Structure formats: structure tokens, C-alpha cells
Student: 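Would you mind keeping the following structure in view while I ask a few things?
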Amino acid sequence: TDIGSQKDRVVSEEEWLQKWEMGNIGFHKEQGHPLLQKYLDVLLNGRSGLRIFFPLCGKAVEMKWLADMGHSVVGVEISEQALKDFFAEHSLPYCEEPVPEISGAKKLQSTSGNISLYCCSIYDLSSSILGKFDGVWDRGALVAVNPRDRQRYVSLMMTLMEKNSSYLLVTVSYDPNKHKGPPFYVPESEIKSLFG
Ligand code: SAH
């Protein structure tokens with residue numbers, strides 16, 4: 001089946017950058033995700049002023065939502081265009097600085113300081129650079145990761161989580177034979193084995 005053949009599929013960073021350049025970004029949702037509203041209490045668990053991580057963030061509007069609620073948001077995305085569009089579309093002033101630990105990487109930070117977006121590959125990051133997080137919003141991230149990199153991705157995410165951290169993973173059930181991806185099909189059994 002196609003689940004088998006997806007295992008070896010690779011979408012390169014170049015291809016992602018091209019999608020952004022061409023405006024081929026059907027995954028972006030202007031309205032934000034209803035499931036974040038629905039499960040916000042699970043993510044926050046009564047806590048305030050959290051550090052929330054957005055892996056493979058694109059220009060997700062949920063980053064603005066959480067920042068407006070008083071949390072501090074950190075995202076990572078290889079497309080600089082995505083990050084610049086994010087700040088522009090929300091009329092947020094920001095400044096740019098290099099990330100000394102990663103050659104070629106940049107950090108774009110809102111002037112108010114509560115949104116920091118790293119422009120680099122997620123695999124260049126570590127908890128020594130980012131610190132740890134109280135919560136993770138994973139929508140379109142695990143499913144965008146190349147199947148061969150899933151274990152590496154999840155292991156990294158684990159190292160970024162504080163003890164009482166919550167991880168919201170948006171999942172969709174569908175017939176994997178109908179889509180070649182991305183997003184890639186991640187069977188429920190694999191989610192369980194990856195996250196334990
Ligand atoms: N989470 C976002 C975007 C999902 S699409 C949303 O909800 O809208 C996946 C995004 O991951 C794309 O914007 C792509 O450019 C980015 N991406 C792909 N590989 C990456 C990597 N290795 N490191 C960082 N970002 C990556």
C-alpha cells in the first residue's frame with residue numbers, strides 16, 4: 001500500500017521553500033484551528049505565562065492568539081518568508097538577530113519580546129539553545145516531517161519538554177491510499193510507539 005511507499009518519501013527543504021515562494025500553502029489556515037480553542041484548557045492546565053513551542057510553525061495564527069493571552073511563544077520554520085509574512089500580517093514590529101550557535105540561522109523577535117521565531121531547520125535546535133517548554137502545539141508538524149526523520153523529531157521534542165508540559169498533537173483519520181503526502185500518514189500505532 002501507499003503507507004509502505006511513503007516511508008521512503010523525502011520532501012527537501014528546497015521544496016518547502018518553493019511552496020512558500022509559489023504561494024502553495026493550502027495548509028495555512030487564516031482562521032486558526034478550532035481544536036486549539038477546544039483543547040486550550042488541556043494545554044494550559046490552569047497555568048499562566050507559559051512558554052509554548054510551535055515546531056514547523058509556518059505563519060500559524062495560533063502563535064498570535066497565545067501571545068495575546070500572555071504566553072511566550074517560540075516557533076521554528078525554515079522559510080524566512082513565512083516568518084516575515086507572519087509579523088507583517090499581524091502588524092507586529094520585530095527585529096532580527098543571528099543565532100550564534102547555528103551558522104546561517106536567524107531569530108526574528110517581536111519588539112514586545114513575547115514571540116521569537118527561529119529561521120532554521122528544527123534539527124539544528126536543542127534545549128541548550130531554546131530552553132524547555134510548558135506546552136507544544138503540533139499541527140501539521142509531525143505529519144510534515146519526512147517519515148525517516150520521525151524518531152529524531154520526537155526525541156528532540158521530548159528533550160524540549162518541561163516535566164509538566166502538555167503536547168497537543170492534531171491528528172486526522174483518513175484513507176492513506178488517497179494521499180501521497182505531505183502531510184504524511186502517521187498510523188495511530190506509530191504515534192503511540194513514537195511518544196510512548
Ligand atoms: N504548523 C504550520 C505549518 C505546517 S506545514 C501550520 O499549522 O500552518 C509544515 C511547515 O514546516 C512548512 O511551513 C515548512 O516550510 C516547514 N518545515 C519543513 N521542514 C522543516 C524543518 N526541517 N525545519 C523547520 N521547518 C520546516
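Keep in mind it's a predicted model, so treat the numbers as computed, not measured. First listed ligand is number 1; within each ligand, the first listed atom is number 1.
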Student: For atom 9 (C) of ligand 1, find the nearest protein heavy atom and state the residue, atom name and distance (0.1 Å precision).
Tutor: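 Going by distance alone, atom 9 (C) of ligand 1 is nearest to G140 O, 3.6 Å.
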Student: Please work out which of S121, C120, A60, S79 has its closest non-hydrogen atom nearest to atom 22 (N) of ligand 1.
Tutor: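 When every heavy atom of S121, C120, A60, S79 is considered, S121 comes closest to atom 22 (N) of ligand 1.
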Student: Applying a 4.0 Å heavy-atom criterion (strictly less than), which segment of A82 is in contact with ligand 1: side chain, backbone, both, or neither?
Tutor: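 It is neither part, as no heavy atom is under 4.0 Å.
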Student: Any heavy atom of P183 closer to ligand 1 than 4.0 angstrom?
Tutor: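 It does not; every heavy atom stays at 4.0 Å or beyond.
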Student: Answer yes if the side chains of E190 and S193 hold a donor-acceptor pair under 3.5 Å, and no otherwise.
Tutor: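 On atom types as modelled, these side chains do not qualify, holding no pair under 3.5 Å.
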Student: Using salt bridge (charged side-chain N to carboxylate O under 4.0 Å, His left out), reason through E188 and K192 one step at a time and then give a plain yes or no.
Tutor: CA-CA 6 Å; E188 194 171 354; K192 289 192 171 134; 3.5 Å; yes
Student: Considering non-hydrogen atoms of the protein only, which is the closest contact for atom 17 (N) of ligand 1, and what is the distance?
Tutor: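 Scanning the protein heavy atoms, the shortest distance from atom 17 (N) of ligand 1 goes to I78 CG1, 3.7 Å.
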Student: What orientation do H179 and Y174 show, parallel under 30°, tilted 30 to 60°, or perpendicular over 60°?
Tutor: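 Taking Y174 first and then H179, their aromatic rings stand perpendicular (interplane angle over 60°).
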Student: Any heavy atom of C57 closer to ligand 1 than 4.0 angstrom?
Tutor: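 Heavy atoms of C57 do come under 4.0 Å of ligand 1.
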Student: What residue and heavy atom of the protein are closest to atom 8 (O) of ligand 1, and at what distance?
Tutor: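 Scanning the protein heavy atoms, the shortest distance from atom 8 (O) of ligand 1 goes to R139 NH1, 3.1 Å.
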Student: Let me confirm one number: the CG-NZ distance from L66 to K64, rounded to the nearest 0.5 Å.
Tutor: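 Answer for the CG-NZ pair, L66 versus K64, is 11.0 Å.
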Student: Has ligand 1 got any nitrogen or oxygen that is less than 3.5 angstrom from a nitrogen or oxygen of G58?
Tutor: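 N/O-N/O distance under 3.5 Å: no.
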Student: Hey, is the main chain of L108 close enough, under 3.5 Å, to the side chain of E96 for a donor-acceptor pair?
Tutor: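 Between the backbone of L108 and the side chain of E96 there is no qualifying donor-acceptor contact (under 3.5 Å).
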Student: Hey, are E62 and R139 close enough for a salt bridge, meaning a charged N less than 4.0 Å from a carboxylate O?
Tutor: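 No.
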Student: If you count the atoms of ligand 1 from 1 in the order shown, which ones are under 4.0 Å from a heavy atom of W20?
Tutor: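 Once the distances to W20 are compared, the set is 12 (C), 13 (O), 15 (O).
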Student: Before signing off on this row, confirm whether A141 and ligand 1 have an N or O atom pair separated by under 3.5 Å.
Tutor: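 No, there is no polar N/O contact under 3.5 Å.
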Student: Looking only at protein heavy atoms, identify the closest one to atom 16 (C) of ligand 1 and say how far it is in Å.
Tutor: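 For atom 16 (C) of ligand 1, the nearest protein heavy atom is E77 OE1, 3.3 Å.
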Student: What orientation do F133 and F53 show, parallel under 30°, tilted 30 to 60°, or perpendicular over 60°?
Tutor: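 Parallel.
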Student: Flag this pair as yes if the NZ/CZ of R9 is under 6.0 angstrom from the six-membered ring centre of F184 and inside a 45 degree cone about the axis; otherwise no.
Tutor: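 Ring-cation test returns no.
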Student: Counting only nitrogen or oxygen atoms and a 3.5 angstrom limit, does V76 reach ligand 1?
Tutor: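 N/O-N/O distance below 3.5 Å does not exist for this pair.
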Student: Considering only the protein, which heavy-atom contact is closest to atom 3 (C) of ligand 1, and what is its distance?
Tutor: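 Here the nearest protein heavy atom works out to L56 O, 3.3 Å.
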Student: Check whether any N or O atom of Y123, backbone or side chain, sits under 3.5 Å from an N or O atom of ligand 1, and answer yes or no.
Tutor: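 Not met; the criterion fails.
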Student: For atom 23 (N) of ligand 1, what is the closest protein heavy atom, and at what distance to 0.1 Å?
Tutor: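 Looking only at protein heavy atoms, the one closest to atom 23 (N) of ligand 1 is I122 N, 3.0 Å.
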Student: Should V74 and L130 count as side-chain neighbours, where that means a heavy-atom distance under 4.5 Å?
Tutor: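 Yes, at least one pair of side-chain atoms sits under 4.5 Å.
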Student: For N177, is there any backbone N or O sitting under 3.5 Å from a side-chain donor or acceptor partner on K180?
Tutor: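 No; zero donor-acceptor contacts below 3.5 Å.
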